[in-house]
Amino acid sequence: MIKMTERERIEVLVDAPLAPQLARLALQAGITGHTLIRTDSGQGHSGEWSEDLISGATAKYLFLTVANSESATRFLDSLEPLLESHGLVVLRSIVDVIRPERF
Amino acid sequence: MIKMTERERIEVLVDAPLAPQLARLALQAGITGHTLIRTDSGQGHSGEWSEDLISGATAKYLFLTVANSESATRFLDSLEPLLESHGLVVLRSIVDVIRPERF
Amino acid sequence: MIKMTERERIEVLVDAPLAPQLARLALQAGITGHTLIRTDSGQGHSGEWSEDLISGATAKYLFLTVANSESATRFLDSLEPLLESHGLVVLRSIVDVIRPERF
Amino acid sequence: MDQLSATLLSAPVLFFVLGALAAAARSDLSVPETIAKAMSLYLMAAIGLKGGVEVAKAGVGPELVSALAAGLVLSATIPFLIAPVLARFGRLDRTNSGAVAAHYGSVSVVTFVTASQVYGANGFAIAGFMVAVLAMMETPAILSGLFIARREKGTLFSRELLREVLFNGSVVLLLGSFAIGMVIGEEGFEPISPVFTAGFTGVLCLFLLDMGLIAMRRILKTRALTLRLAMLAIVFPIFNGTIGVLFGSAIGLDAPSAAALGILAASASYIAVPAAMRLSLPQADAGLYLAMSLGVTFPFNIVIGIPLFRWLAEILGGAL
Amino acid sequence: MDQLSATLLSAPVLFFVLGALAAAARSDLSVPETIAKAMSLYLMAAIGLKGGVEVAKAGVGPELVSALAAGLVLSATIPFLIAPVLARFGRLDRTNSGAVAAHYGSVSVVTFVTASQVYGANGFAIAGFMVAVLAMMETPAILSGLFIARREKGTLFSRELLREVLFNGSVVLLLGSFAIGMVIGEEGFEPISPVFTAGFTGVLCLFLLDMGLIAMRRILKTRALTLRLAMLAIVFPIFNGTIGVLFGSAIGLDAPSAAALGILAASASYIAVPAAMRLSLPQADAGLYLAMSLGVTFPFNIVIGIPLFRWLAEILGGAL
Amino acid sequence: MDQLSATLLSAPVLFFVLGALAAAARSDLSVPETIAKAMSLYLMAAIGLKGGVEVAKAGVGPELVSALAAGLVLSATIPFLIAPVLARFGRLDRTNSGAVAAHYGSVSVVTFVTASQVYGANGFAIAGFMVAVLAMMETPAILSGLFIARREKGTLFSRELLREVLFNGSVVLLLGSFAIGMVIGEEGFEPISPVFTAGFTGVLCLFLLDMGLIAMRRILKTRALTLRLAMLAIVFPIFNGTIGVLFGSAIGLDAPSAAALGILAASASYIAVPAAMRLSLPQADAGLYLAMSLGVTFPFNIVIGIPLFRWLAEILGGAL
Ligand SMILES: Nc1ncnc2c1ncn2[C@@H]1O[C@H](COP(=O)(O)O)[C@@H](O)[C@H]1O
Ligand SMILES: Nc1ncnc2c1ncn2[C@@H]1O[C@H](COP(=O)(O)O)[C@@H](O)[C@H]1O
Ligand SMILES: Nc1ncnc2c1ncn2[C@@H]1O[C@H](COP(=O)(O)O)[C@@H](O)[C@H]1O
Ligand code: NA
Ligand code: NA
Ligand code: NA
């Protein structure tokens, strides 16, 4: 049976123009990998949004990264100043991964 | 270190035309926020589907919402009558969130 | 209150041309359902990628499947030979599902 | 039937066949979904505009009103005619009978557009106002189908559904472009005619290429389509189309427009109605109604129906 | 004002109105986002090419330089003129005042494109070099808006922002196509003219259909737009546009080009600036500035502004 | 070489350069991926149709058969010629040598299309049947490349791969449109000619704009491209293209068609082959083969290769 190890899965819902900034923060926290997932639309305290705008300014991505506990914590801490201003939704959960040395 | 609190993450795979209905049920259960994620294709007991159809009638979204336990339970209960007729796939798991008062 | 049962959620980040192969392996492991989610771009040890290529050869999908523990283990084991060659990112976590007999 | 070969050897139909063959060979050829959607919007805007411009030129006579009435009656009635056949011969339950019947009462825009291109290229021109009839026939069948499916159950129509029926995207675009065409007339149409007239047949080719791929893949993937249902998906267009041509001739339409009414009656929706059915009859099997309307009836009409109803309309035109 | 009806009854504007009506009726009509983006790229390439070809034919005089300078001054100054009004009358905080002001200093490509089509169709042709002015005005306002928003705070401009300002996609495409047009000239333009000239008005129709849908949905969804702000979104284009026409006439532009400078000053960005603001002023309310620029000012300019500034420029042209 | 400036100053090539410059300046200009895919489908359908129509007019002579045979030989052989160089001089392992070699044996549709546009605009018209040669050369190289990469390992070809090779989307579309062109002939082509002829060069401009962006970004992002490999990505097209022109002249093709065979041999695939390699050689480095074929060889051919092989073919044409 394949061996799996626990890591942290961090997901951040982020405005499209800000996604590169998250990638930079992740790198600074020692996380080399991430994946951006497309979203379509949504609703929150600040109203509805959808990707229907030609500027792409209101589109959002789900920024997904898997990391070990220390890197993840460093990354989450570095997000703190952005939380309010950027209206981020940040989720953390536990996942099992294969080849843990990658994360 | 940033403080995180447990919330429930509910994901529902849903036909595109029915997504607004889920948003309404979530609101009624006291959940103000959700995000729709695009899917591409899939396979289940009722066969394969993919977004390749011009009507969009067979496209599906992943409806993602994070909520506290009471709201989540209310929302899940309200889904019950739709489960069979709408062929929903419903997943629940635990996540840690920042700024828990939002959810 | 609606009854929920634990199942395993397996997510695999996979190159678009290889996704059908995963579906076949899942079927062989006794898993009848899966959903492909579109991704947009990402970064890892082998550099950045994004969907901007006209061939689609470097696009990636998130392959999501929910299964009971035995099928999931069979599926994960069958992925082993592909791990290195295909550069897969594989995640496993626990979810609660409704209508567990489906998975 | 010389028209059969004229139809079969026209570029749009050949591209449809190419798509179907490619899908049958399991080629990975595919047209991105958003492009297909864009072409479909373009074709509706173009056919609407051209219809409106023609009406601006020719004026509207009383036949517009009778054609609209005929369309309304056909769209609303056909589901009731065929639902019992679906239930008895096709062995479907009431939900699926209603859902499938709604598709056949409604219309396929692209079948109409292809007919109008093929007929027009052979000097058999459909009247401009038939576009309004096309829009008229899109949605009444939805209500009939739902009525069949849930005769005794609670609320028939939700608010979403009513909006879907009244302000359905394709209805709005068809009627809106039709109105714009009537307002701008021939002169105002001139600057946009390179896009909407000169470009029309070429775009139709690419769109039908995609329809061929989609229709054939639908057939190959389907699990729900029985032999009986496949037969019905061929009998229905012949039956409904014949009624349409007869009806059109009876109310005094010229031969091309009577043929067009036949095409409309014969065609089955695969855009507006499936979306409405997912919303209002989610229990109905989408694989089934799409296999019938898109997988069988659409190709049948493109290849056989178009020349068939012309031939019928010309005979009747001579006879009356 | 006969131009008002000429504008209102042209196909592009009618499609805009159709889109707005469809959205108001909550129709599900929609144009896929990637298609809208593609049409927007097409329109920019086309307008750039045509401007460049014209300049290659007519040569550049000194008025190009003064027009560019005028554009630069307008784009950089307008935010400072209107930000105090947004703060006092509009009751916005400094961040939102700066963000909204940046939108009004910058320009809307499609408003310019629509004006150039509507004017051109009525023999009132904007000079080719005005495309360069359009490109010039896109981004200086971003810097002014940011300066207003964070006067005393630390670093004003990040590296990403500077790149956004200097090498913004639409600026690069407009100027690049303009340069290509100048290089290839009339002869080299001929083989691509079916796509970029003949296709232009038709594509503009479909694009404005989508803009009508988007603008109206934006208005219906907005929570942030107060009556005061909605009023400003109409006062600003009148005020800025008048300044633009006066400025253009004063520096000796012919009437159509002075009107175009008015249109540019009157229009508000909804592509380049929103993206820059999300990046540099994420605290500003995107719902607000999009509701103002896209929901109110854009429709106002398309329907009223275009004939208004022509009328003004013609009066001034006669007066000077 | 007057052809060099004729190539460099044509609109399509200028748009390619614009895209490359924009990417080099890190501009955020981009063309949505689905639009690029749609334009690529359009270009293949158009070039196929035109080739077929020409063959319908001119008939097929024996040179079609010899050209097809030449194409097959070139596509299957080139990988074996260059793989050793990739291994020794390029220092690649066997897997990567095979993967890269497959790309150079196969062809780039857009390079061919650009050559056919640039040559045609200067009265140097490639024969219609060369489209069939283009289709013929797409996939044999895949088999050769795989053979090189896994000479001694188990099964060479999976069922998916065989389907990919035989019914690859671009092969099916090219050959299918070619066949449709032959069936409909000049007369049947007329109604679709506004889209497929008049629109051709304009769409090519927009497509090459995107290719410039993609090629340059590929180069900027790559980590795997060594100086040695970059050199090979320039030497290979010169070498393979020269072989192609010589081969074409030797079998008696006219100068434009011999030049076209050179272009085909010189060009490297970046659509069909990368997808096949991800499937069958996932261990090979996609960043590497795309950087070579798309980042270096494609621009080289567009800018240098196209005039170069014309010049060579004209010299040989005079000499023979
Ligand atoms: N509880 C939630 N679950 C999932 N997504 C959410 C939730 N709350 C907010 N969002 C997403 O975050 C975006 C911004 O939220 P807000 O800042 O509350 O307007 C929304 O438009 C949603 O896409
Ligand atoms: N830690 C991670 N979290 C999320 N996605 C990752 C992670 N590492 C790699 N990936 C994804 O997997 C792809 C291939 O990774 P790699 O093999 O490391 O280049 C990347 O481009 C990312 O999209
Ligand atoms: N075990 C599963 N894991 C992930 N997605 C599933 C699973 N089962 C079904 N689905 C998704 O739900 C859709 C409908 O499932 P079904 O009702 O079984 O046909 C499928 O097409 C899949 O996209
Ligand atoms: Na019908
Ligand atoms: Na302005
Ligand atoms: Na080659």
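Residue numbering restarts at 1 for every chain, and letters A, B, ... go by the order of the sequence lines.
Heavy atoms closer than 4.5 Å to chain B are found in the side chain of C:L27, but not in its backbone.
The stretch residues 2-27 of chain B participates, sequence neighbours left out, in no ring pair (Phe, Tyr, Trp, His ring centres under 6.0 Å) pair at all.
Atom NZ of B:K60 sits about 14.0 Å away from atom CG of B:L36, to the nearest 0.5 Å. C:H34 NE2 to C:L25 CG: the interatomic distance, rounded to the nearest 0.5 Å, is 11.5 Å.
Scanning all heavy atoms of the two residues, the minimum distance from C:Q43 to C:W49 falls at N-NE1, 4.1 Å.
Against chain B, the residues from residues 61-89 of chain C that qualify, each with a non-hydrogen atom under 4.5 angstrom away, are C:Y61, C:V66 in number order. Taking 4.5 Å as the heavy-atom cut-off, the residues of residues 91-103 of chain B that approach chain C are B:L91, B:R92, B:S93, ordered by number. For residues 3-13 of chain B, the interface with chain C (any heavy-atom pair closer than 4.5 Å) comprises B:E11, B:L13, sorted by residue number.
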